[in-house]
K.L.:
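Here you go, one structure.
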Amino acid sequence: MAENPRIDIDHVAKLARLALTPEEKAVFGSQLGGILSRVEALGRVDVSGIEPSAHAAAVNNVWREDVARPGLPVADALRNAPAQRDHMVVVPKVVE
Amino acid sequence: MPVPLHFQTLAELADRLAKREISSLELTRAVISRTEAVEKSVRAFNSRDAADALAQAEASDARRAAGQSRGPLDGIPVGLKDVIAVKDQPLTASSRMLANFVSPYDGTVTTRLRRAGAVLWGRLNCDEFAMGSSTENSAFHPTSNPWDLTCVPGGSSGGSSAALAAGEAIATLGSDTGGSIRQPAALCGVVGLKPTYGLVSRFGLVAYASSLDQIGPMTRTVEDAAILLGAIAGHDERDSTSLRVEIPDYRAELAGRRGPWRIGIPREYFGAGLDPEVAAAVERAVEYYRGLGCEVRPVSLPHTEHCLDTYYIIATAEASSNLARYDGVRYGHRSTKAKDIVDLYFQSRAEGFGAEVKRRIILGTYVLSSGYYDAFYLRAQKVRTLIRRDFLDAFRGVDVLLTPTSPIPAFKLGEKTDPLAMYLCDIYTIGVNLAGLPAISVPCGFTGTGLPIGFQLIGRPLDESGLLAAAHAYDRVHAWGRKTPSL
């Protein structure tokens, strides 16, 4: 599979917030090049005048009554937090 | 020799429970001891809680003794793919990212199974975040095919199909985004149903590609699938894509609808890459339907060649968005090496995700990125419209479509290393997800070396009753799913 010159793997990995090793960059870059050369076949399909489908069966604007009701209790919501204090999730410093 | 409890069908066991010939405790014990005996070689489970299952079984027996049985599922051990939330049980999606996650709530299908009295049994292995076709992408361990332990069980719901085929559960739930219920069902010789998109709630399902994901039953017979579907289907206000439709008694409808059906054979599904033994077995199933008086006619789904490409754009785009939530902050794996909050995202995701998940996140991020959105994602959504239109056009002249489920029987563990080769496992199942249709894989024989083969029936949107009846017409006579492997 030829490497696709258009893929800037560093840029895409940054957008995805994903740290990749040099090996992963080489392998994924080459594999994605192969996959993208394949999916370029879609460019040959005549889609003029065709509406895109976000879902197979369009369901739009589903509303419920605007009434407060109990949600997940705080203890349950924080049950899987890697670090917590005073009913809050602890994270590294965000602002210098 | 009588069939051991752990290999009987849901319908048979429900009948025996109702007649008080057996208790749920007896049945659940049989399933647990079977699991202890074979799990070392099958490895279908990520975790299991025997004490919890036995307590559920006792509660079921107590209900029955009090004359308060909740129907055919009451007391039946049902296994759940480890992407479906069960309160207070682990939910890992077979990922290091969620290795220590415990569900704070029940998914809607879980709530409905509890309401029906089912004994929830085990967390079943799968490809990481349901991405794969062999269950080899599990971060924990591969699962073996009970018919040949050196082969894969299919995927991504390979733990669900293998556990069922090995007698480690009476029925299971899987999830299907591009074939992840039907393909492992075919490879393990059981029935697998992917319902119409929106029929079964996705609340409490770990999201992969939200516009394609559906939960569905995996069972030994089509009748069992009808029973289990009836328990989990129906509108749920906690899933905005859930359809407001009446749920019929699918099992009762099996008897009422006797065909003959007009069966369409899509010519694009019988081309290069189809294994000759699979083709022959599927052809014999077609002949059986012909013998029932069904009209069999060729049809064409002209955009079939574009299904795989369309799928890998839409599914990876949605996956890259859905999996953005795993950032090491509120739950899931958190790296201890991070310098600051942004680095925490990068490192936690790098450490928590496996190779296939990273590959799909990268591809999905790329096709959604500035400058490429129209060329890839928007175009794929338009082609999806054409793919759905192909199916709806075909259904003007026929009632169901019949195809192979998988182009090949189970392959060897470790055999497929190229991602594209793995993606080709799903070429006959992916179109159904893109079009949102119901489809079922029905076992239809074995290869010369003893590996199961399945055919797929595809139905009109929301015509699960017709689809199940057509599948039952074959299955009630052949019953390949009742065959059991020697383990």
Side-chain angles (χ1 to χ4, degrees), chain A residues 1 6-9 11-21 24 27-29 31-32 34-36 38-57 59-64 72-73 75-83 89-96, chain B residues 100-102 104-105 196-198 211 237 240-241 243 303 305-306 309-310 312-313 320 324 327-334 338-342 344-347 349-350 353 355 358-359 361-363 365-366 369 375-376 378-386 388 419-420 434-437 461:
Chain A
M1 282 188 287
R6 290 182 312 166
I7 301 182
D8 180 347
I9 192 89
H11 175 63
V12 179
K14 191 177 168 199
L15 290 175
R17 298 289 186 267
L18 195 53
L20 297 181
T21 64
E24 283 177 326
V27 171
F28 292 163
Q31 287 170 337
L32 293 178
I35 293 167
L36 286 173
R38 215 201 113 98
V39 303
E40 270 167 7
L42 285 186
R44 296 199 308 267
V45 183
D46 181 7
V47 293
S48 46
I50 302 296
E51 287 291 315
S53 302
H55 285 96
V59 181
N60 298 312
N61 294 345
V62 178
W63 306 100
R64 67 165 171 80
L72 202 59
D76 286 347
L78 288 175
R79 178 174 186 168
N80 291 286
V89 175
V90 178
V91 293
K93 192 154 78 171
V94 175
V95 183
E96 287 302 324
Chain B
N100 300 311
F101 189 89
V102 176
Y105 56 83
T196 302
Y197 183 78
S211 79
E237 62 173 16
S240 67
T241 59
L243 300 171
H303 294 91
E305 61 168 311
H306 300 297
D309 303 331
T310 304
Y312 275 97
I313 290 172
S320 74
D327 55 9
V329 173
R330 292 150 299 153
Y331 50 81
H333 175 75
R334 178 183 284 193
K339 302 189 293 281
D340 53 44
I341 183 75
V342 175
L344 182 81
Y345 307 149
F346 279 89
Q347 298 303 332
R349 291 163 66 77
F353 291 139
K358 288 178 183 172
R359 192 156 36 236
I361 288 175
I362 293 285
L363 178 58
T365 304
Y366 175 79
S369 64
F376 289 108
L378 188 63
R379 177 165 280 267
Q381 287 199 323
K382 289 179 179 175
V383 177
R384 175 186 194 157
T385 305
L386 295 170
R388 178 167 164 91
L420 263 174
L434 290 167
L437 304 171

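We use all heavy atoms of the structure for the numbers below, so side chains are in, but hydrogens, waters and symmetry mates are not.
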K.L.:
Of the listed residues (B:G198, B:S211, B:A338), which shares the most heavy-atom pairs with chain A below a 4.5 Å separation?
P.N.:
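Maximum pair count with chain A is reached by B:S211.
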K.L.:
Checking A:A75 against chain B: side chain, backbone, both or neither under 4.5 Å from a heavy atom?
P.N.:
neither
K.L.:
With respect to chain A, which residue among B:G436, B:P461, B:P104 yields the maximal number of heavy-atom pairs within a distance under 4.5 Å?
P.N.:
B:P104
K.L.:
Could you look at B:Y345 and say if it's the side chain, the backbone, both or neither that has a heavy atom under 4.5 Å from chain A?
P.N.:
both
K.L.:
Could you look at A:V94 and say if it's the side chain, the backbone, both or neither that has a heavy atom under 4.5 Å from chain B?
P.N.:
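When you check distances to chain B, atoms from both the backbone and side chain of A:V94 fall under 4.5 Å.
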K.L.:
Quick one: closest heavy-atom pair of B:T241 and B:Y197, and the distance?
P.N.:
OG1-OH, 3.4 Å
K.L.:
Which bit of B:H303 comes within less than 4.5 Å of chain A, counting heavy atoms only: side chain, backbone, both or neither?
P.N.:
side chain
K.L.:
Taking CG in B:N100 as the centre, count heavy atoms belonging to other residues, nucleotides or ligands within less than 6.0 Å. Is the count above 12?
P.N.:
no
K.L.:
Which answer fits B:R388, side chain, backbone, both or neither, if we ask what part of it has an atom under 4.5 Å from a heavy atom of chain A?
P.N.:
side chain
K.L.:
Can you name the closest pair of heavy atoms from B:I361 and B:T365 and give their distance?
P.N.:
O-OG1, 2.6 Å
K.L.:
Need one label for B:A324: side chain, backbone, both or neither, based on atoms under 4.5 Å from any heavy atom in chain A.
P.N.:
neither
K.L.:
Please state whether the side chain, the backbone, both or neither of B:L434 comes within less than 4.5 Å of a heavy atom of chain A.
P.N.:
backbone
K.L.:
Looking only at heavy atoms, which two atoms of A:E24 and A:A19 are closest? And how far apart?
P.N.:
OE1-O, 4.0 Å
K.L.:
Tell me, out of A:V27, A:L72, A:I9, who's got the most heavy-atom pairs with chain B below 4.5 Å.
P.N.:
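Going by pairs under 4.5 Å, I would pick A:L72.
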K.L.:
Based on non-hydrogen pairs under 4.5 Å, which of A:P92, A:P52, A:A16 is most in contact with chain B?
P.N.:
A:P52
K.L.:
How close do B:E305 and A:R44 get, heavy atom to heavy atom, and via which atoms?
P.N.:
OE1-NH2, 4.2 Å
K.L.:
Given that the side chain runs from C-beta out, which part of B:S320 has a heavy atom under 4.5 Å from chain A: side chain, backbone, both or neither?
P.N.:
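No part of it gets close to chain A.
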K.L.:
Ignoring hydrogens and angles, tell me if any N or O in the side chain of A:N80 forms a donor-acceptor pair with the backbone of B:V102 under 3.5 Å.
P.N.:
yes
K.L.:
Taking B:T310's backbone N and O only, do any of them form a donor-acceptor pair with B:R384's side chain (distance below 3.5 Å, no angle check)?
P.N.:
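Checking the backbone N and O of B:T310 against the side chain of B:R384, no donor-acceptor pair under 3.5 Å is found.
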K.L.:
For B:K339, is it the side chain, the backbone, both or neither that has a heavy atom under 4.5 Å from a heavy atom of chain A?
P.N.:
neither
K.L.:
Taking A:L42, A:L78, A:V47 one by one, which has the highest count of heavy-atom pairs under 4.5 Å against chain B?
P.N.:
A:L42
K.L.:
Would a distance-only check, ignoring hydrogens and angles, find a side-chain to backbone donor-acceptor pair under 3.5 Å from B:R379 to A:V45?
P.N.:
yes
K.L.:
Which heavy atom in B:F346 sits nearest to a heavy atom in A:A13, and how many Å separate them?
P.N.:
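Nearest heavy atoms, B:F346 then A:A13: CE2-O, 3.9 Å.
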K.L.:
Does any N or O in the side chain of B:T385 come within less than 3.5 Å of the main-chain N or O of A:S53, such that one atom is a donor and the other an acceptor?
P.N.:
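Judged by distance alone, yes, a pair lies under 3.5 Å.
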K.L.:
Between B:T196 and chain A, with a heavy-atom cut-off of 4.5 Å, which part of the residue counts as in contact: side chain, backbone, both or neither?
P.N.:
neither
K.L.:
Under a 4.5 Å heavy-atom cut-off, does chain A meet the side chain of B:A380, its backbone, both or neither?
P.N.:
both
K.L.:
Considering only heavy atoms, which portion of B:I362 lies under 4.5 Å from any heavy atom of chain A: side chain, backbone, both, or neither?
P.N.:
both
K.L.:
Measure distances from B:L344 to the heavy atoms of chain A and classify the residue's part below 4.5 Å as side chain, backbone, both or neither.
P.N.:
side chain
K.L.:
Looking at B:E237 and A:R64, is there a salt bridge between them, counting it only when a charged N and a carboxylate O are closer than 4.0 Å?
P.N.:
no
